[in-house]
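Order of appearance sets the numbers: ligands from 1, and atoms from 1 within every ligand.
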Amino acid sequence: MSDPQPGFTTRSVHEGRGFSGPTGAVMPPLYLTSTFEHGNPEGFDYTRSGNPNFRLLERSVASLEGATFATCFASGVSAITAVVSTLQAGDTVLAEENVYGCTYRLFDRVFAKFGVRVVYADLTDPGNWDLIHRHRPALVWLESPTNPLLKVLDLQGIARVAREEKVPVVVDNTFASPYLQRPLQLGATLSLSSTTKYINGHSDCLGGIVATNEPDWQDRMLFAQKALGLQPSPFDTWLTVRGQRTLALRMERHCANALFLAQWLEGREEVRQVSYPFLPSHPQHALARRQMRGGSGILTLELDGSADQALQFARSLKYFTLAESLGGVESLVCHPPSMTHAAVPAEVRRQVGIADGLIRLSVGIEDPEDLRTDLERALTKVRG
Ligand SMILES: *Cc1c(COP(=O)(O)O)cnc(C)c1O
């Protein structure tokens with residue numbers, strides 16, 4: 001009789017122990033070495049193609065994603081590069097139109113030069129899933145919830161259609177984290193995360209990871225890690241292993257704080273619209289409740305005002321630092337049109353619904369009342 005699978009939090013605390021060797025160290029050592037003696041039992045050769053600290057992170061995240069394999073990279077963008085580098089000239093990617101700004105830029109400014117074509121569509125609309133049959137793309141690129149509009153895509157529904165055409169599906173799972181959402185269990189081929197965000201959770205290093213159950217895809221990811229030089233540093237992966245040990249606790253608090261603030265902001269007259277997957281007003285609310293364990297820590301609001309007023313609001317907050325990125329214990333505020341999505345042409349921004357007054361909050365784990373008071377003061381200030 002086998003033991004039942006331990007729970008998510010137990011796995012995140014205990015996975016990958018056993019690198020301590022004869023010393024009994026409870027926490028893993030940091031393997032600061034570029035190379036390894038030939039013929040060692042674990043098969044390491046050179047840190048560009050693997051290091052014990054990478055392996056520890058890869059085991060932990062694979063376990064949390066419910067995956068057989070994971071490969072870590074220097075950043076989320078490195079992970080995206082690794083996946084897209086498997087394509088050939090002439091291939092088509094079908095992508096959700098509201099992808100992360102740097103994903104769009106990579107496709108548009110880099111991979112387009114190598115003959116990879118991307119068809120963008122609003123994949124919250126099941127009417128557009130037929131594009132999978134029509135284009136038979138080499139890859140379907142999904143993100144859910146999306147950045148910054150927090151659209152929620154039906155991952156299971158889209159993966160089902162893709163399977164009919166044998167098209168692999170990649171899901172950028174950064175905004176949800178494996179605590180809230182497991183794309184592979186919903187039928188995706190690859191679950192990709194920027195570990196810079198929730199998985200590490202402390203805004204002190206960058207990283208990316210790709211989890212899969214398919215050995216062929218795992219081989220391709222390991223090849224990309226070493227052949228393209230996309231590997232992280234041992235220290236960054238060490239920090240990320242430490243960060244992910246508290247993922248479940250942090251996510252619970254991020255979700256509770258964000259829901260509390262979203263509900264409060266919805267009642268404010270200065271705010272035209274609030275978007276948060278677990279608010280009943282969210283267009284895919286029922287789907288979000290089915291697909292995710294919580295609404296995560298990101299919410300967006302559209303201020304009734306100009307881009308300048310939106311920036312003024314963001315700058316006058318005390319506990320929300322005006323900065324790119326998200327998913328750390330500290331709250332951050334971002335004005336996507338002038339920051340994360342500045343690389344997206346203005347007309348494309350307008351088409352996909354990124355208004356000038358749009359504000360994205362990454363709600364941290366602070367005391368919720370302090371965050372609410374902070375928002376209230378800044379709202380009063382822009383109104384006055
Ligand atoms: C931040 C982010 C990335 C890129 O990750 P980096 O670690 O910054 O390179 C990719 N996708 C999403 C959804 C992100 O938020």
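- Only the side chain of T196 comes within 4.0 Å of ligand 1, counting heavy atoms alone; its backbone N, CA, C and O stay farther away.
- Looking at atom 2 (C) of ligand 1, its nearest protein heavy atom turns out to be K197 NZ, 2.5 Å.
- Heavy atoms of G207 come nearer than 4.0 angstrom to ligand 1 in at least one pair.
- A cation-pi contact links R293 to Y179, judged by a cut-off of 6.0 Å to the six-membered ring centre and 45° from its axis.
- When each atom of ligand 1 is checked for a heavy atom of S75 under 4.0 Å away, the hits are 7 (O), 9 (O).
- Within a 6.0 Å sphere centred on CD of E37, heavy atoms belonging to other residues, nucleotides or ligands number 12 at most.
- Aromatic ring orientation, Y120 versus Y104: tilted (interplanar angle from 30° to 60°).
- The aromatic rings of Y276 and F278 sit perpendicular to each other, their planes meeting at more than 60°, with 30° as the lower class boundary.
- Atom numbering of ligand 1 starts at 1 in the shown order; those under 4.0 Å from a heavy atom of T174 are 11 (N), 12 (C), 13 (C), 14 (C), 15 (O).
- Using modelled atom types, one finds no donor on one side chain facing an acceptor on the other under 3.5 Å when comparing D308 with S306.
- Here's the thing with L206: none of its N/O atoms is less than 3.5 angstrom from an N/O atom of ligand 1.
- The heavy atom nearest to atom 11 (N) of ligand 1, out of those in D172, I298, L192, is found in D172.
- In terms of protein heavy atoms, atom 3 (C) of ligand 1 is closest to Y100 CE2, 3.2 Å.
- Side-chain polar atoms of Q218 and T71 form a donor-acceptor pair below 3.5 angstrom.
- Checked by distance only, ligand 1 and N147 stay at 3.5 Å or farther apart across all their nitrogen or oxygen atoms.
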